[in-house]
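Sequence lines set the chain letters: A, B, ... in the order given, protein chains first and strands last, and positions in each chain run from 1.
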Amino acid sequence: MPELPEVETTMSALQPFVEKKIVSVDINNRHLRWKIEKDFEKNISNKKIISITRRAKYIIFNLSDGFIILHLGMSGNIRIQDLNSNTYKKHDHIIFYLKDKKIIYNDIRRFGSIHFTNNAKDHFLIKNLGPEPLSKDFNKKYLFNISRNSKTNIKNFIMNQKVVVGVGNIYASEALFDARINPNNITNSINEEDCKRLVKSIKNILKIAINMGGTTLKDFYSVDGSEGYFKIKLKVYGRENEKCKSCRGVIKKIVLNQRSTFYCLDCQK
DNA sequence: CTGAGATCCTGTCTGC
DNA sequence: TGCAGACAGGATCTCA
């Protein structure tokens, strides 16, 4: 289940397919977050993959003509199998056939999406995204300025992909704990020092997760289909009523904007 | 414009 | 064991 680090890991694992040709595609279920366009198969068949990159939580295939924009949603994952293998799973929605491999998109809840476009940069899913969290554009000054007019809580704010991309529900709690900021705090009340720590914490948490192979909780399937995964050491997420690793206070669970949120009552002011 | 709540979908877990 | 209800890592949409 993907947040930015899982998407990054998946994207990296697809790199061997750069320079390869997509021979054909089979679609078992067109009803993802948006219905897959009629011409999708035609648009991508017999195209060479020039590069595979990531923007926010999207994987972008730059083809010899056009782009594929893929989002894994809440439950999407990709696996790679030999062309002659016959093992399919429930919810295998899309199968890309290459010369000797197939790339399979599986997504239980179908919150993921896939589009073909001639212009990825201006695509409606891409054009309004905020800065990459690990880029220089995401810094203290930027966060301070953009936060001045927002009255939502700070946790909801950093999960807004227009503010900064890639921060999901887990990393939002973890980053706020690391920065010692209470997730309930109203965004325009945080000061410059808070912004400085928060930017640093978001970058650090994401970097660590990426370096660990991009996994967080529960099972994350590698592209080879194996279930091997690392578990990042989460300090607050999922630790309701357990001891804070920093001050030995108790971790609280609350619901903010309909999402589970965990924080330490004592550390996070 | 903002922000809160509903919503898409399937599977798993908890409590009665 | 059955069954209802809550919940799950996303993000758009609808409405006030």
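The footprint of chain A on DNA chain B, defined by a heavy-atom cutoff below 4.0 Å, extends from B/dG3 to B/dG11.
The interatomic distance linking A/His91 (NE2) with C/dA8 (P) rounds to 20 Å, in whole Å. In this structure, A/His71 places its NE2 atom 8 Å from P of C/dT12, rounding to the nearest Å. Atom CG of A/Leu125 is separated from atom C1' of C/dT12 by 10 Å (rounded to the nearest Å). Whole-Å rounding puts the A/Glu240 CD to C/dA6 C1' distance at 13 Å. Residue A/Tyr237 contributes atom OH, which lies 12 Å from atom P of C/dC7 at whole-angstrom precision. Put simply, CG on A/Asn77 is 15 Å from C1' on C/dA8, counting in whole angstrom units. We find that CZ of A/Arg239 is positioned 18 Å from C1' of C/dG9, with the value rounded to whole Å. In this entry the distance linking CD1 of A/Ile158 with P of C/dG9 reads 14 Å, nearest Å.
Side-chain atoms of A/Ser24 and A/Glu41 form no donor-acceptor pair, as typed in the model, at a separation below 3.5 Å. No side-chain donor-acceptor contact under 3.5 Å links A/Tyr88 and A/Asn86. Between the side chains of A/Ser150 and A/Asn188, no donor-acceptor pair is found at a separation under 3.5 Å. A donor and an acceptor atom, one from each side chain of A/Asn156 and A/Asn153, are nowhere located under 3.5 Å apart.
C/dG9 and B/dG3 are spaced 23 Å apart, taking the C1' atom of each and rounding to whole Å. A distance of about 15 Å separates the P atoms of B/dC9 and C/dT14, rounded to the whole Å.
A salt bridge is defined here as a Lys NZ or Arg NE, NH1 or NH2 lying under 4.0 Å from an Asp or Glu carboxylate O, and A/Glu240 with A/Lys252 fails to meet this definition.
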For this session: Could you go through the side-chain contact (heavy atoms from CB on, under 4.5 Å) check for A/Tyr58 and A/Leu70 one step at a time?
Result: CA-CA 5 Å; A/Tyr58 296 93; A/Leu70 173 69; over 6 Å; no
For this session: Decide yes or no on side-chain contact (heavy atoms from CB on, under 4.5 Å) for A/Met159 and A/Asn257, but give the supporting numbers first.
Result: CA-CA 11 Å; A/Met159 286 176 67; A/Asn257 305 85; over 6 Å; no
For this session: Give the C-alpha distance, both sets of side-chain angles, the deciding distance and a yes or no for side-chain contact (heavy atoms from CB on, under 4.5 Å) between A/Asp100 and A/Asp82.
Result: CA-CA 6 Å; A/Asp100 50 17; A/Asp82 285 337; over 6 Å; no
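Looking at A/Arg54 and A/Ile60, their side chains never come closer than 4.5 Å, going by heavy atoms from C-beta outward. Residues A/Asn29 and A/Arg110 form a side-chain contact, since some pair of their non-hydrogen atoms from C-beta on lies under 4.5 Å apart.
Checking A/Asn156 against A/Lys90, the closest nucleotide of DNA chain B that is more toward the 5' end is the one next to A/Asn156. Map A/Lys253 and A/Gln161 each onto its nearest nucleotide of DNA chain C; the residue landing nearer the 5' end is A/Lys253.
Within 6.0 Å of atom CZ in A/Arg248, 12 or fewer heavy atoms from other residues, nucleotides or ligands are found, so the atom counts as exposed in its surroundings.
With the 3.5 Å cutoff on both pairing distances, Watson-Crick and G-U pairs in DNA chain C assemble into runs of at least 3 at B:2-8 with C:10-16, B:10-16 with C:2-8.
Listed by residue number, the members of residues 103-113 of chain A with any heavy atom below 4.0 angstrom from DNA chain B are A/Ile108, A/Arg109, A/Arg110, A/Phe111.
Using a 4.0 Å heavy-atom distance criterion, A/Asn160 is classed as making no nucleic acid contact. Residue A/His31 is out of contact with every strand shown, counting any heavy-atom pair closer than 4.0 Å.
In this structure a side-chain-to-backbone donor-acceptor pair under 3.5 Å is present from A/Glu174 to A/Val236.
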